[in-house]
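Presented below is the structure to which this report refers.
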Amino acid sequence: MAPSTPSANRAEIARVLVVEDDPNIVDLIRSNLLIRGYEVEVSVSGDGVPDLVESYDPAIVLLDLMLPGADGFEICREIRSRSSVGVIVISSRSSEPDKVRALNLGADDYLTKPFGVDELLARMTATLRRSRAVEPAGELSAIQLGGLHIDLERQAVFRDDERVQLTPTEYSLLQVLAINEGRLLSYEELLREVWGRGYENSREYVRVYVGRLRSKLEGPEGPALIVTEPRAGYRLVAPY
Amino acid sequence: MFRHGRAVADLHRAETHPDDVVAIISGADLDTTAARQLRRLHSLAEQLADADESAVLPLTVSSLSSALSTDRLAIYLVDQPDSADLTDVAPTAEVVDSATRLLRRSASLHLPVSLASELRLLPLDATSFVGQAAVTSSLVVAPRLDERAGDRVAEVASAHGLAGAWAAPIVGQEGTLAVMVGFHIGQSPLQDDQIRLLELFSTMAGSAIDRGRLVERLRRRNSALEGLRGVLEKLAGPDLLTSGFVSAVDALCGGVGSDMAVLYVDHDHDPNRASSTANDGRPGGWAARAVSTGLVVGGATEQQLRRSIERDRVIGNSAVGAQTTVVAAEFEWSRGRAALVCGWLAGAGNPSVPFDADALVADAANSFRLAMEREVALEVERASAVAQHNRELERALTLRLGHELRTPLTAIRGFASTLLQPDVTWPDDEQQRFLQIIEREAGRMARLVAELFDETAIESGALRLEPNYCDLVAILVEAASIAAPAGAVILDLPDACNVWGDRDRLEQVFVNLIANAVRHNDDDITVRISTEWPLAGDGAPATDLMVVRVEDDGVGMPASALEYLNGQRLDRPNDEGLGLRLIKGLVEAHRGTVRAAVDDGTTVLVTLPIDGGLDPTGDRPV
């Protein structure tokens, strides 16, 4: 299935798929989301979740990593291989390697248990904002960087005339870097622009997503598109 | 020496042979042929004593030849036939049987080639004069070969133009070893002095052959020791100290031909252990695993030996006890001292102690040291592997604990923050429901934390039971009322008796068992609790144990939980709450056992010792 494109329709009533086995946490999330106008579907096991994502077509998946008889990381990878839906991992594993692993597998965000409702809602809002329209970049309707073409209106990316599938978060990051081509962007700037408030200390998000962009856009032999400025940030340089 | 009043000779007593005296008295010249040959013989004996073993037989033959002025000689050794021999001696049916021993020509001098090859093997029986000499262990003289009809040797020799012969056995410690055979062309019977010479010769040759065989045994022994060293160096299995060293000590015993061999190990220079060794007569510590084989008859010798080792702390190279020759080698290794001791019983029929026993035992001790050091290295390696495994288990446990504690905490924090959100006003009944969840989950957390403390106490050994005689019926009734709604538990306790244990802790065990059944099943679950006497080995009920059977008709405990309770896995399964570890830990603290099975529902059997399990002072850490 082609990655779902954010639509104005879905922005109004966002569907949320909750994959969680603890009844209290399901209750907590469902109560809070329903009262705020979200539509909620729950899966208490990992079985068939990727299929459910396709059929239910949610705007966000809240995914518990520790499910009975299933590997949450694997489910995350499967969802991402088939869809660009926003995925927020909810886990009692608070270690950095677990967080980076989940992001590498395509999660958009990582929320550690125990969490407050305000924190959950803020992360969901940020993820939804990224998957909605990114602010149009002034007068520009497209950016051409060597073989890389970014169609700002359609939010589509082409490499040598071939469409590259990006998740909303990946696209947001690429657009910010491309509009500021050649300029060094600090971790803080990137976090604020792409992820929003509350992420200032999450540099690993930037590192992981830059890595994902590189693997999709640079190719194994190709010239560097995104250059790391050690301890400072990243800069996008146009391939000659 | 005087004859007819006239001094005829000046003799030294030590150098004078009776023959000389006879010769002088009869008026013969002292320097007779016999005397000359006797002197040659003495020098020959000296040569034989120094000779290399491989040279003994040819040397014997050539010396004999020159001493007896007989130039046609052969020596036959008593031997086992091998397969190649059987065809050679086919005409003589007696030697075809491989168990039969035969005479094998081992050296000869000036025999016609055809004669020598025809008479290569002879049967060991009285059918020939040679065999007869061997069988009777006495000299056989055949002055006329042509008169010995049916004697194959005589016939063959006669056919080769030989007229007479003699056969003299060489007798060693184990009977006839060989036969010397002389042939002559003319019919000249042996003179008396020649016969005596032959007797002397055969004695000498007997000791020469015995000596050769001894040397051979020694050589084999050395190679056995070499083998032993190889075995020891390779011995590095997990049970080296138990079975490996036993076989190595056995091999040592065989190798040096000793009647006993003991390896003493004094572990870590521990003086307490050393003294306990002396007191109870059993080696302590590692020394308890010291191995011995072929222990001395009468026992006293080993006892004395051990005492002398312990008293003197240092063993000399060798010591000779009243009944035993002892050779010991002491050595240091990374964990202390050790000694390898070999003993030879004095007594008839025992081969003597090898002349180089000190060196052999020292060499073997070195091999043992190598093997023991290897064992230590392996132990360290294994310990680090165990530690690594424990760290992994610990990490997995921490992860799961984190999960289990964070789950109720998430509900508590989540619902508390839900109630605090300014953008939503919740209906009263919803608010009430959230508060109830918070209350319930807080209770669950408190229980988890308490159980975590208990588990830690059990594992660290800090948990102390306060045992007393307690009423099992009261415990089970109380546990049922705490852990399950009324009517869910059926108690059937006709056999229940008092048990010696910690009342509160036993109650905790059954509360957890019942609560697990209730929590993981539908509301209509029935838990049935009964007591019974287990059957002892002879089929009769055991009177020192009580079994409490907790059965439910629910969905059944997960396999991982079953395996954990049955001791088939060490890491605690990912269960709801920490109940399993606590149940198992507390029952085992009471010296009891837990077994679980799933059939139609779950059955857990808790076996408790009625009174033997605990220290009556109750003051023992678990």
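Lettering of chains follows the sequences in order, A, B, ..., and the numbering in each one begins at 1.
Of the two parts of A:Ser91, neither the backbone nor the side chain holds a non-hydrogen atom closer than 4.5 Å to a non-hydrogen atom of chain B. For B:Leu409, the parts lying near chain A are the backbone and the side chain together; criterion is any non-hydrogen pair under 4.5 Å.
Of the inter-residue distances, the one linking A:Leu120 atom CG with B:Thr410 atom OG1 reads 11.0 Å to the nearest 0.5 angstrom. For the atom pair A:Asp27 CG and B:Arg433 CZ, the distance stands at 4.0 Å (nearest 0.5 Å). How far CD1 of A:Ile35 is from CD of B:Gln421: 11.0 Å, rounded to the nearest 0.5 Å. Here the straight-line distance linking atom CH2 of B:Trp426 with atom OG of A:Ser31 works out to 5.5 Å at 0.5 Å rounding. The CD1 atom of A:Ile25 sits 11.5 Å away from atom CZ of B:Arg406, with the distance rounded to the nearest 0.5 Å.
When the shell of 6.0 Å around CG of A:Asn201 is examined, it contains 12 or fewer heavy atoms from other residues, nucleotides or ligands. Around the CG atom of B:Asp429, the shell of radius 6.0 Å holds more than 12 heavy atoms that belong to other residues, nucleotides or ligands. Within 6.0 Å of CD on B:Glu439 lie no more than 12 heavy atoms contributed by other residues, nucleotides or ligands.
Near-neighbour residues of residues 41-51 of chain A relative to chain B, defined by a heavy atom under 4.5 Å from a heavy atom of that chain, are none.
Applying the side-chain hydrogen bond (donor to acceptor under 3.5 Å, both in side chains) test to A:Asn32 and every residue at least two apart in sequence or in another chain returns A:Arg36, B:Thr418.
Considering every non-hydrogen atom in both A:Asn24 and B:Ala411, the closest pair reads CB-CB, 3.8 Å.
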